[in-house]
Amino acid sequence: MTVGSLLIWALVIGLALYVTRAHPEAHGVRSARWLIIGGGVVFPTTVLTALLIYGLMLIPELRATGDIDRRIEVAGEQWWWRVRYPQENGEAVELANEIRLPLGERILFRLSSPDVIHSFWIPSLAGKVDMIPGRITELVVEPTRTGTFRGACAEYCGASHALMNFQVVVMEPDAYRDWLAHQATLARAPTAEQARRGQQAFLANGCGACHTVRGTPADGRLGPDLTHVGSRLGLGADALPNDREALIRWIGHTGEVKPDVRMPAFGMLPVDELAALAAYLSELE
Amino acid sequence: MNERNDDLPDEELEAPPARWGSLWLLTFGPGIWAIHFLLCYVTAAVWCAKVAGRTGLLGDASLLVGLYTLVALVGIGLTGWRGYRQHRFGHADPPHDFDTAEDRYRFLGYSTLLLSGLSFVATLFVALSVVFIETCE
Ligand SMILES: [Cu+2]
């Protein structure tokens with residue numbers, strides 16, 4: 001792309017120099033006419049037609065939903081992402097705010113929204129596709145190299161639209177299988193004393209009404225699944241880094257981090273209880 | 001033919017009627033292109049939503065698009081031909097930039113011709129998409 005644009009730039013400047021410096025005198029009517037018809041009509045039409053045909057030929061292959069290796073369902077919700085990985089046994093692992101993909105597989109994203117229009121966009125992997133309430137839209141992605149890529153909501157959806165992001169991790173297939181198997185397991189029981197108190201606080205303060213931690217009484221569905229929240233790369237749809245300090249800030253000042261967020265702030269809790277909650281959640285790897 | 005003789009009163013010419021300055025012909029080419037685009041779009045959308053389903057084939061819908069394209073290209077061709085005739089009216093070469101009714105008439109004809117060329121190619125480009133994309137996906 002860069003080389004091509006440099007070539008075109010050099011050509012344009014070269015021509016400009018040619019007519020202003022090398023041959024500033026008037027050019028013949030015939031040659032000027034040929035230049036206009038050739039360079040202004042025939043050449044661009046041919047190039048554009050060739051590019052169009054090339055582009056159109058790529059499209060069916062890019063969009064074909066026939067030979068799909070894997071499906072992933074993503075719902076955009078104000079202002080986070082609910083991600084479900086259907087399993088062979090018919091059940092699905094529900095996670096949130098981060099998507100992992102195995103290298104080299106064709107993946108079909110089935111996109112939806114329970115509230116307003118969002119748009120699912122991973123710029124390095126594919127074009128954006130709207131998530132429309134009451135409809136399922138589809139997107140096919142085939143990652144060709146490992147790495148971590150940024151995804152975002154690309155349709156204004158309310159106050160915290162700009163804080164509705166996610167990370168996409170493309171992994172080697174083996175590593176991916178291990179990761180998904182681990183994400184499907186129940187939450188590990190808290191080990192440290194502080195984390196144990198954190199779990200009690202989690203259940204006592206009603207966090208479980210909105211959040212699920214599989215393997216505990218917490219089974220709410222309004223907010224993101226937190227069973228393995230400690231393993232995520234970011235917090236609150238990538239609004240914060242995922243560490244204890246950020247967890248304390250998130251739980252105590254939710255609405256300051258994310259305006260209009262659908263989770264109440266728990267700033268009234270004593271500091272050591274917030275720290276205990278953070279300890280508990282970061283242990284949920 | 002290269003002689004400019006607009007400034008000489010041309011014997012054959014009568015006082016140009018008011019419609020000589022009309023801009024309507026100019027809009028035909030791009031107008032047909034726009035209508036063609038809309039028809040193709042709506043046909044494909046209705047076909048995929050009501051008949052073929054989201055993974056279905058465009059099938060007969062692409063025949064319809066072919067038909068629209070044929071009609072549109074003939075329409076644009078005729079418009080271009082009209083424009084060409086208008087441009088060749090009397091004896092004058094482009095750029096037809098004299099402040100006379102005749103030159104305005106020629107200028108509008110020439111512009112119509114050029115716009116028809118553009119619309120012709122654009123209409124073909126629209127039709128190309130059903131040639132290469134055969135399904136609703
Ligand atoms: Cu948004």
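FYI, side chains are in, hydrogens and waters are out, and symmetry mates aren't considered; it's all heavy atoms of this structure. Chain naming here is simple, since letters A, B, ... match the order of the sequence lines and numbering starts at 1 in each.
- Summarising the geometry, atom CG belonging to B:L64 is positioned 7.5 Å from atom CG belonging to B:D60; distances are rounded to the nearest 0.5 Å.
- Taking 4.5 Å as the heavy-atom cut-off, none of the residues of residues 34-48 of chain B approach chain A.
- A search for salt bridge (charged side-chain N to carboxylate O under 4.0 Å, His left out) contacts involving B:R104 returns B:D99, not counting sequence neighbours.
- Considering only heavy atoms from C-beta on, A:I13 comes within 4.5 Å of A:L17 through its side chain.
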Let me see the donor-acceptor pairs closer than 3.5 Å between chain B and chain A, or none if nothing turns up.
{"unit_1": "B:R54", "atom_1": "NH1", "unit_2": "A:I136", "atom_2": "O", "d": "3.2"}
{"unit_1": "B:R54", "atom_1": "NH2", "unit_2": "A:I136", "atom_2": "O", "d": "3.2"}
{"unit_1": "B:E137", "atom_1": "O", "unit_2": "A:R63", "atom_2": "NE", "d": "3.0"}
{"unit_1": "B:E137", "atom_1": "OE2", "unit_2": "A:T65", "atom_2": "N", "d": "3.0"}
{"unit_1": "B:E137", "atom_1": "OE2", "unit_2": "A:T65", "atom_2": "OG1", "d": "2.1"}

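- The CZ atom of A:F43 lies 11.5 Å from the CG atom of A:L35; values are rounded to the nearest 0.5 Å.
- With values rounded to the nearest 0.5 angstrom, B:L26 atom CG is found 4.5 Å from B:T112 atom OG1.
- To the nearest 0.5 Å, the span separating CZ on A:F120 from CG on A:L111 amounts to 5.5 Å.
- For the side chain to side chain donor-acceptor pair (under 3.5 Å) test, residues two or more places apart in sequence or in another chain that qualify with B:Y84 are B:R88.
- The structure places CG of B:L113 at 12.5 Å from CG of B:L108, a figure rounded to the nearest 0.5 Å.
- A 4.5 Å side-chain heavy-atom check between A:V169 and A:I99 finds every atom pair outside the cut-off.
- The part of A:I59 that comes within reach of chain B is its side chain, from C-beta onward, which places non-hydrogen atoms under 4.5 angstrom from that chain.
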